[in-house]
There are 2 protein chains.
Amino acid sequence: MLIIGEKLNSSIPSVATAIGAMDRPFIEKLALDQVRAGAGVIDVNAGAFLEREIELLPWLVTTVQAVTDVPLCIDSPSPAALAAALAVAGGKVLINSISAEEDRYRSVIPLVKKYKASIIALCMDDRGIPASVGQRLEIARTLTDRLQADGIDANDIYLDVMVQPIGTDNESGRVALAAVRAIRDQIPAIHITCGLSNVSFGLPKRRLLNQAFAVALAASGMDVMFIDPLDERMMALLAAIRALTGTDEYCCDYLAAYRAGKLG
Amino acid sequence: MLIIGEKLNSSIPSVATAIGAMDRPFIEKLALDQVRAGAGVIDVNAGAFLEREIELLPWLVTTVQAVTDVPLCIDSPSPAALAAALAVAGGKVLINSISAEEDRYRSVIPLVKKYKASIIALCMDDRGIPASVGQRLEIARTLTDRLQADGIDANDIYLDVMVQPIGTDNESGRVALAAVRAIRDQIPAIHITCGLSNVSFGLPKRRLLNQAFAVALAASGMDVMFIDPLDERMMALLAAIRALTGTDEYCCDYLAAYRAGKLG
């Protein structure tokens with residue numbers, strides 16, 4: 001299981017303030033805290049800044065890469081900001097994101113190829129986010145086939161099942177879990193992820209919902225968790241579900257986490 | 001989702017002491033605490049006493065039924081102790097348990113019929129507990145068919161998928177989860193349960209493992225949870241996974257639990 005640390009995101013007010021002020025110590029600390037907590041990839045996002053994103057996203061990349069070798073997930077809706085950030089990034093990166101929307105696909109695929117990046121592929125097309133499990137599987141197949149035809153290795157494809165809030169649609173959690181199972185079963189070679197905290201939008205005790213959903217997603221076959229690794233209870237529950245689903249051989253990592261005092 | 005409170009069990013030392021001493025206030029309090037915490041059924045077990053079980057199990061039944069109307073789950077490996085307890089029990093009861101072992105089936109089925117009871121049906125036969133998901137599904141089908149042929153309604157059948165400890169077999173959690181999905185898919189009319197805390201036997205931080213496993217089981221289609229309802233974190237996570245899987249319409253129960261301060 002790969003943990004992508006989601007905290008360096010300009011949608012979080014305190015982080016936006018630090019990015020806007022180019023507060024290097026704040027960013028360095030938040031990057032390192034996530035790595036120490038178990039993040040294997042750090043997401044960086046300056047999307048809230050619109051006009052300044054093209055300046056701030058590369059700054060965020062170099063700031064984080066100055067203190068850690070952990071791969072980055074470069075997160076922007078803007079191909080220009082992605083290009084500027086990729087130009088200064090070192091090592092293997094994960095681009096967040098492409099989709100089956102035609103314009104988006106065409107504008108991002110050259111960057112994926114040029115930088116031999118891994119890619120988060122959103123399970124949506126020009127018709128939007130599909131409502132049914134079957135439609136999600138169909139888009140997942142189409143998108144995976146097209147990426148592979150463009151020379152992207154299955155191991156570099158991170159399919160995002162596009163989780164919607166249960167507060168607006170009671171079925172959206174169930175649909176996401178079923179989509180993960182279907183995609184894991186039908187397209188076993190790719191990674192599966194999602195912005196799982198979307199599921200709890202608008203409801204109280206979001207961390208509790210996110211924790212339960214992460215456990216259920218992991219049990220359904222999701223292998224890449226886009227979460228807050230500083231949530232100790234979340235990390236403990238993920239250690240537990242790995243042991244429970246046989247992906248932590250002999251429960252070695254679970255026992256190590258216990259001995260390190262990380263299970264609460 | 002039905003919660004069966006598992007605390008009145010003679011395998012727990014403090015409870016065994018209270019049962020052995022016929023400590024009525026202790027038993028009453030533990031029954032009521034579980035009901036107030038959300039248990040819809042209370043399990044009663046005096047199996048640790050062997051010779052005295054036939055005296056103590058009926059005493060436990062009448063003691064608990066003196067303070068609550070919640071149905072009981074009468075839990076014994078001994079048909080004689082079950083018969084003695086059923087003779088004094090009022091209302092609808094759940095018998096724990098029958099199996100596809102020939103002797104056990106023949107000795108327990110008359111009690112199920114006589115008392116029009118619901119029945120926990122262990123997914124095992126004279127060959128033992130099956131290793132594979134396919135074999136479990138096969139026994140589940142055979143046992144369900146036989147019970148229905150004997151006049152037991154599908155709604156009165158609570159299939160126990162027989163969870164084994166992950167500490168001795170890394171695959172046992174994964175197998176149980178897959179068995180729940182297969183049985184929910186193939187035999188949708190019956191209830192599915194298990195003694196889920198078996199999964200964590202021999203490992204540290206058992207509550208954490210039990211919590212993660214309960215969430216994964218619920219997401220896989222288990223509808224009857226045999227747990228400690230006094231574990232507030234467990235109950236909060238189960239409220240969360242119900243909301244996340246669409247079994248709590250409009251998240252009403254989740255929001256009520258939040259307003260009641262039950263989500264931590």
Side-chain angles (χ1 to χ4, degrees), chain A residues 163 165-178 180-181 185 196 199-200 202-221 233-252 254-255 257-259 261-264, chain B residues 163 165-178 180-181 185 196 199-200 202-221 233-252 254-255 257-259 261-264:
Chain A
V163 171
I166 53 168
T168 47
D169 177 3
N170 225 209
E171 288 296 292
S172 58
R174 194 191 58 72
V175 166
L177 291 166
V180 171
R181 282 197 296 274
D185 185 56
L196 71 87
V199 85
S200 59
L203 289 170
K205 297 285 176 187
R206 291 189 66 181
R207 281 191 171 222
L208 173 68
L209 288 164
N210 297 348
Q211 288 159 4
F213 199 48
V215 167
L217 287 164
S220 300
R233 171 62 55 167
M234 171 70 91
M235 295 298 278
L237 284 165
L238 290 178
I241 196 64
R242 285 190 61 230
L244 289 161
T245 51
T247 57
D248 172 15
E249 214 175 351
Y250 304 116
C251 307
C252 284
Y254 180 82
L255 292 168
Y258 168 67
R259 285 188 296 263
K262 290 183 175 176
L263 301 184
Chain B
V163 171
I166 54 167
T168 48
D169 177 3
N170 225 209
E171 288 296 292
S172 58
R174 193 189 60 70
V175 166
L177 291 167
V180 170
R181 281 197 297 275
D185 185 55
L196 70 87
V199 84
S200 59
L203 289 169
K205 298 282 176 191
R206 290 188 66 181
R207 280 191 172 222
L208 173 69
L209 288 164
N210 297 347
Q211 289 159 3
F213 199 47
V215 167
L217 288 164
S220 300
R233 172 61 55 167
M234 171 71 91
M235 294 298 279
L237 285 165
L238 290 179
I241 196 64
R242 285 191 61 230
L244 290 161
T245 51
T247 57
D248 172 15
E249 213 175 351
Y250 303 116
C251 307
C252 285
Y254 180 82
L255 292 168
Y258 169 68
R259 285 190 295 264
K262 290 182 174 175
L263 301 183

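So you know, we letter chains A, B, ... as the sequences are listed, proteins then strands, and number each from 1. All values derive from a computational prediction rather than experimental measurement.
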Review point. Okay, side chain of A:Lys205, backbone of B:Tyr258: is any donor-acceptor separation there less than 3.5 Å?
Key: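 No.
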[options]: which one forms the most heavy-atom pairs within less than 4.5 Å of chain B?
{"options": "A:Leu209, A:Leu255, A:Asp248", "value": "A:Leu209"}
{"options": "A:Ala240, A:Gly173, A:Ala176", "value": "A:Ala240"}
{"options": "A:Leu208, A:Val175, A:Leu237", "value": "A:Leu208"}
{"options": "A:Ile241, A:Thr245, A:Leu263", "value": "A:Leu263"}

Check your understanding: If you round to the nearest 0.5 Å, how far is CG of A:Leu244 from CD1 of B:Ile166?
Key ->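 It is 4.5 Å, given to the nearest 0.5 Å.
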Given a strict heavy-atom distance threshold of 4.5 Å, which part of [X] is in contact with chain B: side chain, backbone, both, or neither?
{"X": "A:Leu238", "result": "neither"}
{"X": "A:Asp169", "result": "neither"}
{"X": "A:Leu177", "result": "side chain"}

Review point. Using a heavy-atom distance cut-off of less than 4.5 Å, which residues of residues 214-221 of chain A contact chain B?
Key: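 Expected list: A:Val215, A:Ala216, A:Ala219.
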Practice item. May I have the step-by-step check of side-chain contact (heavy atoms from CB on, under 4.5 Å) for A:Arg233 and B:Gln211, ending in yes or no? Key: CA-CA 11 Å; A:Arg233 171 62 55 167; B:Gln211 289 159 3; 3.2 Å; yes
